[in-house]
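Here's the structure we're looking at; comments come further down.
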Amino acid sequence: MRRLLRAAAAAAVTVAFYGHALAQDYPAHTVTLIVPYPPGGGVDVLTRTLADVVSKTWGQSIVVENRPGAGGVIASQTIATSAPDGYTLIMVASGHATNPFLYPKLPYDTFRDFSPISLLASSPNVLLVRADSPFKSVGDVIAAAKAKPGNLSFAHAGNGTSTHLAGELLKNLARIDLNAIPYKGGMPAINDLLGGQIPMSFNNGPESIGQLQAGTVRALAVTTATRAPFLPDVSSMSEAVPGYDTEVWWGLLGPGSMPADLVAKISRDFVAALNTDAVKERLGKLGAIPIGSTPEKLDAKIHADYGKWGPIIKAAGMKAE
């Protein structure tokens, strides 16, 4: 027994030393940062903005790779099977916490196979219509939906994403029947909105702001309980639908079992980048609200959303396509 205890203690010391040494030398070469959604969307914009600053701090390139598909499952599987050395990371959205309810058999464990690094930012989703839409308010949408139940559709970035849940929450609280139409990301949804193939779309702030500034779309409401700083003249959904409140968040993860020292270093460097004036200004213009948390707070957020949305997804019968 004593030999086993001594061996376990020695192994723990070795792991701790390895983690400390790895953190000291990190990064020694290019880091790959995966985005599980198409280029141009909110996750992509946030990732590239931060990667540019952090790469300068590190003196090493950060290559951002877009690997969309299956609500982030394909990209997440890559991370779950990567070496825990910090050279392959992923920027996930809040859908990471809800995918276990949408896919009957994920190729990874949502908690065990990932190392939380930092909860970086959040944003309200935005209910968008074309600039020439007859809908001028959320009240107009609700009235139209009640007049012809099941006749009105909304686009979203994929089953179980925050934009899908935003629409389902509207249906539930306003007691209306809307058709949820999934897309492979937020920008494809906006493209069909602009083309007139869909009458309205829920999108996150960063992918909405450019179209709003261009005047091609109009915002009917933001999905948080209060108005958003970057859209102060746009109503919050709760002004028309009491009790309505939801958002999208973005967090940085690595493979499971990363050494604590390495996780702490990466977290500190990304949070430092997030707190620079240039990044704050950039994200503010994009409609993203900087957070920059400890690894523990991101872990708690993932668990909280897992508990919050699981029953709602099950009740709605949502399944990934």
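- Between L283 and L274, the closest side-chain pair of non-hydrogen atoms falls below 4.5 Å.
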For this session: Apply salt bridge (Lys or Arg N to Asp or Glu O under 4.0 Å) to E247 and K301, showing your working.
Result: CA-CA 12 Å; E247 65 179 0; K301 182 65 172 176; 3.7 Å; yes
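- If you take CD on Q24 and CG on L262, they are separated by 11.0 Å, rounding to the nearest 0.5 Å.
- Heavy-atom neighbours of K297 NZ from other residues, nucleotides or ligands within 6.0 Å: at or below the threshold of 12.
- Note: I291 CD1 to S122 OG = 4.0 Å, rounded to the nearest 0.5 Å.
- Remark: side-chain polar atoms of S123 are paired, donor with acceptor, to backbone N or O of G287 under 3.5 angstrom.
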Problem set entry | Verdict with supporting geometry, N203 and V217, side chain to side chain contact (heavy atoms under 4.5 Å, CB included) | CA-CA 12 Å; N203 289 84; V217 299; over 6 Å; no
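- Within the 4.5 Å cutoff, no side-chain heavy atoms of T49 are placed close to those of T47.
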Exercise. Between L231 and I209, does a side chain to side chain contact (heavy atoms under 4.5 Å, CB included) hold up when you go through it step by step?
Worked result: CA-CA 9 Å; L231 293 174; I209 198 73; 4.2 Å; yes
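- For D109, the salt bridge (charged side-chain N to carboxylate O under 4.0 Å, His left out) partners two or more places apart in sequence, or in a different chain, are R112.
- For residues 151-175, the pairs satisfying ring-ring contact (aromatic ring centres under 6.0 Å, His included) are F154-H156, F154-F202, H156-H164, with sequence neighbours left out.
- A side-chain contact (heavy atoms from CB on, under 4.5 Å) with L298 is found for exactly one of V92, L253, L252, L120, namely L253.
- Annotation: the span from I312 atom CD1 to T246 atom OG1 amounts to 8.5 Å, rounded to 0.5 Å.
- Among all heavy-atom pairs drawn from A51 and L33, the shortest one is CB-CD2, 4.5 Å.
- Proximity of P295 to S118: side-chain heavy atoms (C-beta onward) are nowhere separated by under 4.5 Å.
- Note on V53: it does not cluster hydrophobically with V271, by side-chain heavy-atom contacts below 4.5 Å among ILVMFWY residues.
- Here the shortest heavy-atom pairing between G167 and Y244 reads N-OH, 4.4 Å.
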For this session: Report the C-alpha distance between L178 and M200 in whole Å, list the side-chain angles of each, state the deciding distance to 0.1 Å, and finish with yes or no for side chain to side chain contact (heavy atoms under 4.5 Å, CB included).
Result: CA-CA 11 Å; L178 300 173; M200 59 185 184; 4.0 Å; yes
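- Counting only heavy atoms from C-beta outward, the side chains of M91 and L50 approach each other to under 4.5 Å.
- Residues R48 and D52 form no side-chain contact, since every pair of their non-hydrogen atoms from C-beta on lies 4.5 Å or further apart.
- Under a cut-off of 6.0 angstrom, the local environment of NZ in K136 is crowded, with over 12 non-hydrogen atoms contributed by other residues, nucleotides or ligands.
- Ion pairing between a basic and an acidic side chain is recognised when a charged N comes within 4.0 Å of a carboxylate O; K265 and D261 show no such pairing.
- Of the possible polar contacts, none joining the T88 side chain to the I79 backbone as a donor-acceptor pair under 3.5 Å is found.
- Tracing side-chain contacts under 4.5 Å through hydrophobic residues (I, L, V, M, F, W, Y), one reaches V263 starting from V54; they form part of the same cluster.
- In this model, a donor atom of one side chain and an acceptor atom of the other lie less than 3.5 Å apart for R67 and T78.
- Across all non-hydrogen atoms, the minimal contact from S115 to P255 is OG-O, 2.6 Å.
- Between Y306 and F111, the angle of the ring planes goes over 60°, which puts this pair in the perpendicular group of the 30/60° scheme.
- Side chains of N66 and Y37: no donor on one and acceptor on the other come within 3.5 Å.
- Checking side-chain atoms of D177 against main-chain N and O of P149 turns up no donor-acceptor pair under 3.5 Å.
- In summary, the side chains of Q211 and T216 do present a donor paired with an acceptor at a separation below 3.5 Å, with no hydrogens or angles considered.
- The environment of CG in D132 is crowded: more than 12 heavy-atom neighbours from other residues, nucleotides or ligands sit within 6.0 Å.
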For this session: Please lay out, stage by stage, how S94 and D305 fare under the test side chain to side chain donor-acceptor pair (under 3.5 Å).
Result: CA-CA 8 Å; S94 36; D305 269 22; 5.0 Å; no
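- Relative ring orientation between F270 and W58 is described as perpendicular, the plane-to-plane angle rising above 60° on a 0-90° scale split at 30° and 60°.
- Taking CG from L128 and CZ from R218, the interatomic distance works out to 10.5 Å, rounded to the nearest 0.5 Å.
- Using modelled atom types, no side-chain atom of E281 and backbone atom of A278 make a donor-acceptor pair closer than 3.5 Å.
- Taking all atoms of both residues into account, the shortest heavy-atom contact from V129 to P199 is CG1-O, 3.7 Å.
- Put simply, the side chain of Y26 does not reach to within 4.5 Å of the side chain of D85, judged on heavy atoms.
- Considering only heavy atoms from C-beta on, I190 stays 4.5 Å or farther from Y183 through its side chain.
- Between the side chain of S208 and the backbone N or O of V126 there is no donor-acceptor pair closer than 3.5 Å.
- With 3.5 Å as the limit, one finds a donor-acceptor pair spanning the side chains of T161 and T163.
- The backbone N or O of A166 lies less than 3.5 Å from no partner atom in the side chain of T223, so there is not a single donor-acceptor pair.
- Taken from CG in L193 to CD1 in I198, the straight-line distance is 8.0 Å, to the nearest 0.5 Å.
- The shortest non-hydrogen separation linking V138 to A221 is CG2-CB, 3.5 Å.
- In this structure, T224 contributes its side chain and T226 its backbone to a donor-acceptor pair below 3.5 Å.
- Nearest heavy atoms, T98 versus G160: OG1-O, 3.1 Å.
- A donor-acceptor distance shorter than 3.5 angstrom exists from the side chain of Q197 to the backbone of G195, with no hydrogens or angles considered.
- The distance from atom CD1 of I266 to atom CD1 of I117, rounded to the nearest 0.5 Å, is 4.5 Å.
- Side-chain contact between P107 and Q77: present, with at least one pair of heavy atoms (C-beta onward) separated by less than 4.5 Å.
- Side-chain atoms of S238 never come within 3.5 Å of backbone atoms of V241 as a donor-acceptor pair (strictly under, hydrogens ignored).
- When atom types are taken as modelled, the side chain of Y87 and the backbone of S82 share no donor-acceptor pair closer than 3.5 angstrom.
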Problem set entry | Intermediate values then yes/no, side chain to side chain contact (heavy atoms under 4.5 Å, CB included), R227 and V234 | CA-CA 7 Å; R227 296 192 178 195; V234 176; over 6 Å; no
